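Naming convention: chains lettered A, B, ... in sequence-line order (proteins, then strands); numbering from 1 in each chain. Computed from a prediction, not measured in an experiment: that's the story for all the values here.
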Amino acid sequence: VITDDEVMRLFERADPARVDHAAPVIDAAGHLDALRTRSIEVKLTKIPPTLTRPPTRHRWPIITAAAAAVVLIAVGALVVATGDDTTEPVSDQTQVATEDSDNPVSAKAEAVATGFIEAFGAFDAEQAITYLAEDADISPMLASEGAEDVEGTLQEFRLFVSLLEAQGYQQIVDAGPIIDSCEELGGSAPATSLRCPFDFHLLRSREIGLGSFSGSYFDLTIRNGEIVRASTHWGTTEFSPQMWEPFANWVSTAYPEDAAVMYEDLSHSGARLTEESIRLWERHTGDYAAAGSRYIDRAREICSAAHQRVIQEGGPVFYNESWGRILDEALTELRAVSPPEALRAQFDLAYALVEQMADAMMRPGGVGDERQVGGDGSTDFIDALHQLEGLPGMRACTFHGPR
Amino acid sequence: MSDLAGTAAFGRSREDAEFSQLYDRYYRPVRDFCRRRVAGDLVDDAVAETFLTAWRRRDDVPAGAEALVWLYGVAYRVIGHQWRSTARRRRLEARLRSVVCRPPSGADESVIKDDDRRLVLAAAARLRPMDAEVLRLVAWEQLSIDDIAVVLEIAPNAVKQRLHRARRNLAREYRRLQSQQTSTPDAPTGGAR
């Protein structure tokens, strides 16, 4: 007869997870991004649980699938839907405004939050201060860029606003009145706590075709018509690798003495809140963006020239071998000058995509051939094409538009 | 986990780094926890929901090894309680219930290769749900009495009592199923019903 202990050991060995060692471990960084998105959604009150994610994150697969369908229909001629550089994805704010219309926020708190955030985004520190209670705790907001030892004084607030202006901050609330996107977090009466999401550009990211960046929000606690606590959470998942870290690498290499003034420490994760620091941030972010901007203009010119050659070339088949040679020559020209630090990652990717596309075009039959269009290779080609279209300065190298 | 929510620095923010560390360290055990309790295609949902909760409550996550126990508690409630409010979640719950209440089916079945294991899982499924959970936490998660008390939010003494009763009843049920199986010459695979 089997004993109690033997049954227990049998039960231990029956562990279903024992045979599941091959399960993939999902990358933490990627998961964080998804969590941020979902975290914002699930915190919204009175929003149906079927609320879909913002389309931003799944834009490429959708576009690619649509483009692939078009390609499959057009036998022999590759017809690619014309993209639109200016199309802004629907943001979190839009969804909130749509879905959360039955979540009234107290009118007074609403007016205060709107006024404060608009003044803040317009770098009008004095106007923003009028919304703050005399003893407001604003230190979390002032420390949000990593400044240490902040006391939360109004003088520090003015410096913080100046720092953001010097860094080329742009607060984006173009989905409508910002308060429509604020979520009431609750709080004990008579205080009201609001969470107000926003997108942003920083370090002059708009000038070099990067961003805007999402996932940020203000948390404001309002009591008796005044803000008694303010904090800012920055969505750094995309911003840090695309902007903050490349800029920190560049400035700390090119101007190490200045970097020592601009940043709190050698980790370069926090901006120092001093007037001297602010002057340096303005100067170096300006230089950084200008270098990036020049490189983008150069790339745009090279790609436009290549596109013109394609238009002159004509021919019955799109994306043929001849087009591939033109693109390959453009790539040689593009690579002749290394991208600046600001854009190194983006242009390394862009050039790899161009190379992939040129190779595909120059293969026998090219990508316009029916067999290739329907094969796996055509999907890769269209993926590359659409990725390239979204990279600064590279759109003309996709050869979209009139021939 | 952090007192810096809302004040994280740029670069790789401290809260990002802390959460990534938590995730990297405990993803596997949390996934195992979920896999032991829900069918295969629901495991990833349960894991995602658990870490979503951890992200939202990142300030509450204890430091060190206690974090895993805390995550187990979250996962336990995610599986047991949180998937109730929507149609999707009701469907999930229905499927979960089928896993728990119909012994040799669902998640466990795919890995039970012999009759002994099949029987012991069938026996466990006949226990009171909370008793079975205590058994799983002891045998599969290898938790201490105190940690189980944290996960289930009951007193350590209650855990001890349940564990004692669960072990005894598991063996009794197992022996009963075993005897039924052997007394039925042509019993179909899957044991007694």
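Here A/Ile2 contributes atom CD1 and B/Asp116 contributes atom CG; the two are 6.5 Å apart, rounded to the nearest 0.5 Å. B/Tyr174 OH to A/Thr3 OG1: the interatomic distance, rounded to the nearest 0.5 Å, is 11.0 Å. Between the CZ atom of B/Arg175 and the CD atom of A/Glu6 there is a distance of 9.5 Å, given to the nearest 0.5 Å.
No side-chain heavy atom of B/Glu173 sits less than 4.5 Å from a side-chain heavy atom of A/Val7. Inter-residue side-chain proximity for A/Phe11 and B/Arg117 is flagged as unmet; no heavy-atom pair is nearer than 4.5 Å. Residues A/Met8 and B/Val138 form a side-chain contact, since some pair of their non-hydrogen atoms from C-beta on lies under 4.5 Å apart.
Heavy-atom neighbours of chain A within the stretch residues 152-168 of chain B, taken at a separation under 4.5 angstrom, comprise B/Arg167, B/Arg168.
Of the candidates B/Arg35, B/Arg36, B/Glu141, A/Asp15 forms a side chain to side chain contact (heavy atoms under 4.5 Å, CB included) with just one, namely B/Arg36.
For a residue to count as touching a neighbouring chain, one of its non-hydrogen atoms must lie under 4.5 Å from one of that chain's; by this rule A/Asp219 does not touch chain B.
When atom types are taken as modelled, the side chain of B/Trp140 and the backbone of A/Arg13 share no donor-acceptor pair closer than 3.5 angstrom.
Atom CD of B/Glu66 has 12 or fewer neighbouring heavy atoms from other residues, nucleotides or ligands inside a 6.0 Å radius.
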